[in-house]
Amino acid sequence: MNKRKIYINTMRGLMFICTALTALLVLFLFSYVLLKGLPNITWELLSTKPSYLQNRIGILPDILNTIYIVIATLVVVLPLGVGAAIYLNEYAQNKKVVELIEYAAETLSGIPSIIYGLVGMLLFSNNFGTSILAGALTLVIMNLPTIMRTTQESLKTVPQSYREGAFGLGAGKWRVIRTVVIPGCIDGVVTGCILAIGRIIGESAALLFTAGFAHAINGFFTGLTSPGATLTVALYVYAKEEGEFAVAFAIAAILMVLTLLINLSTTLVGKFFAKRRNI
Amino acid sequence: MRKNKIFEDIVHGIFLILGLITVGCVLLITVYLIISGLPAIREIGLINFLFGKEWASTAAEPKFGILPFILSSIYGTAGAIVIGVPIGFFTAVYLSKVASKKVRTTLETAINLLAGIPSVVYGLVGMIILVPAIRHIFKVPDGSSLLAAIIVLSIMILPNIIKVSITALDAVPIEYEDASLALGATPIETYFRVSVPAAKSGIAAAVVLGVGRAIGEAMAVMMVAGNVANMPSLFQSVRFLTTAVSSEMAYSSPGSLQRNALFSIALVLYMFIMLINVVLNFFLKREKEK
């Protein structure tokens, strides 16, 4: 009897301790980074580029590069990922092919980003130079499984009767997909986009050798073809190579806030579409 | 009618190609890594490469032995699992079985946040807090060490372990638990002696996923582990397979044996990941078949 009690109490204690530890860890990480980083964020930091002459560091180029890379990646990965999901859910008849594609997607999501970086360097940077575009194309491969998975999940929730209704009215397969299936899976596409944005913003190892380290301010199209550091790569360079910890923490705080916003919007988007579906 | 059929076939073909892109990407990555990884292995010799204890790529008489990297990666991952899995496991059981709905939602949000933090931020915090703390507490000359990497990795794999374990624990049929409770077991005994064994393949999958994430992490490790090619020891600076690739890539010249050897390291890392994938799929399949 006593032994039983000890067992129960130990297990209960361990559960409480571990859960508390996890919660405190998150709380600590967030408050520490925000407290150390937010005071260092100044308008000058956000609105200028680094200059050795004036002994000043600005992260505007890195912010712009991050935005460019997000846009470029999404533009390419969305049609690919959504198309792949539509193929799997609407066209594929052969079970073997479906299994093969799903296995490939799973494999892709397990490959570490440093390997993506290497392959991206060989495939893209060696062909058209270290550039934001090369980085974006590398990230396309990385994010393909994410978009595919979320789209597929929401395709499964489009009622079969909608498709049958459209077929019954004499629509061809493509027309059914265009008018019934794609509008029905928009929630999955949006969720996938948000998740992909989060991953792109947080990615660094895959970009080191594909997108490079430059801090120049460019317009979108020149930006695409020239090298540039994103926020995460800039953080790494400032912290590890240059010892500018104040700037590094400022960037870290920005990244934390973005992480918060992205998580918040995933939840909100989920709720929004769930509500719309129920009406 | 004919024209319509041709149009539909073309659309079908386009979607087929889009569907096969993932397969193409996997093939492309595999082929590229093998092609660029093999020359150096052939030149150095497989045994010398994998089991050589010394890495001196820029010395007058260069040595390319990656045993220190392989062992550092394995020890680092094992350490992260030893610390991270118990914490993640107990948290998952608590959240899945004991916690009230409010606590669960709050903590799940927190865990999602933890999963979303970029790895360079983990690296930065590790550099500023963990490394000096290790130097202080253990009185070692430099805190950048295997231990620092292990602690950072164990935090980074927590969200994966917790989330996958919760999914597995939630899927345990309520009848199992009811039966156990009806036989006189207390709730806690039921959770650990009935629910956990029933969810064991899912929890195993969570662990394997954690292994994959830990062995593949580059940036955070690079920032806290010091990057010296030592044989692994807890308080010494070490280099993982991932960081071995990234730390020398910037200054190795294309076509040199040094750069080719870096590709070979990536190939070895890729093999590890593929092995982990096979194990992961085994557990996921078993979980599904239940």
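Each chain gets a letter, A, B and so on, in the order its sequence line appears, and its residues count up from 1.
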I'd like to know which of [options] tops the heavy-atom pair count under 4.5 Å against chain B.
options                : answer
A:Y116, A:F30, A:F213  : A:F30
A:E90, A:R175, A:M121  : A:M121
A:L260, A:L122, A:L255 : A:L122
A:G198, A:A23, A:G83   : A:G83
A:V33, A:L258, A:L29   : A:L29
A:V98, A:I17, A:L123   : A:L123

Which atoms of [X] are under 4.5 Å from chain B, going by heavy atoms: the side chain, the backbone, both sets, or neither?
X      : answer
A:I115 : side chain
A:Y32  : side chain
A:L80  : both
A:L14  : both
A:P145 : neither
A:I101 : both
A:L21  : side chain

Distance check, rounded to the nearest 0.5 Å: [X] atom [atom1] versus [Y] atom [atom2]?
X      : Y      : atom1 : atom2 : result
A:T22  : B:L114 : OG1   : CG    : 8.0 Å
B:T186 : A:R12  : OG1   : CZ    : 7.5 Å
B:E108 : A:N263 : CD    : CG    : 12.0 Å
B:I155 : A:L25  : CD1   : CG    : 4.5 Å

What part of [X] gets within 4.5 angstrom of chain A, counting heavy atoms only: side chain, backbone, both, or neither?
X      : value
B:P86  : backbone
B:I273 : side chain
B:Y122 : side chain
B:S36  : side chain
B:M274 : side chain
B:I215 : neither
B:I188 : side chain
B:A218 : side chain
B:I117 : both

Exercise for the section: Report the C-alpha separation of A:Y103 and B:V26 in whole Å, then their side-chain angles, then the decisive distance to 0.1 Å, and conclude whether the side chain to side chain contact (heavy atoms under 4.5 Å, CB included) test is met. Expected result: CA-CA 10 Å; A:Y103 187 79; B:V26 173; over 6 Å; no

Looking only at non-hydrogen atoms, find the nearest pair between [X] and [Y] and report the distance.
X      : Y      : answer
A:I114 : B:S246 : CD1-CB, 3.5 Å
A:P79  : B:L18  : O-CD1, 4.0 Å
A:V26  : B:A110 : CG1-O, 3.7 Å

Heavy-atom pairs under 4.5 Å with chain A - which of [options] has more of them than the others?
options                        : value
B:I14, B:L158, B:L269          : B:L269
B:L113, B:T106, B:N277, B:L267 : B:L113
B:I128, B:V103, B:I276         : B:I128
B:H12, B:M127, B:M223          : B:H12

Practice task
For the pair A:Y7 and B:F192, name the ring-plane relationship: parallel under 30°, tilted 30 to 60°, perpendicular over 60°.
Solution key: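 It falls in the perpendicular class, over 60°.
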
Exercise for the section: Please work out which of the three classes, parallel, tilted or perpendicular, describes the rings of B:F7 and A:W174, given edges at 30° and 60°. Expected result: perpendicular

Handout entry: Worked verdict on B:L28 versus A:I141 for side chain to side chain contact (heavy atoms under 4.5 Å, CB included)
Key = CA-CA 11 Å; B:L28 203 66; A:I141 308 181; 5.6 Å; no

Just so I know, are the side chains of [X] and [Y] near enough to count as touching, which here means a heavy-atom distance under 4.5 Å?
X      : Y      : answer
A:Y87  : B:I17  : no
B:L33  : A:V119 : yes
A:F28  : B:I129 : yes
B:V98  : A:M15  : yes
A:Y91  : B:L16  : no
B:S119 : A:S204 : yes
B:V121 : A:T259 : no
A:E106 : B:L280 : no

Practice task
Decide yes or no on side chain to side chain contact (heavy atoms under 4.5 Å, CB included) for A:L231 and B:V120, but give the supporting numbers first.
Solution key: CA-CA 10 Å; A:L231 282 170; B:V120 280; over 6 Å; no

Practice task
State which residue, out of A:L208, A:T232, A:V233, fulfils the side chain to side chain contact (heavy atoms under 4.5 Å, CB included) condition with B:M219.
Solution key: A:L208

Handout entry: Test side chain to side chain contact (heavy atoms under 4.5 Å, CB included) applied to A:K240 and B:N227, step by step
Key = CA-CA 12 Å; A:K240 189 90 197 336; B:N227 286 324; 3.9 Å; yes

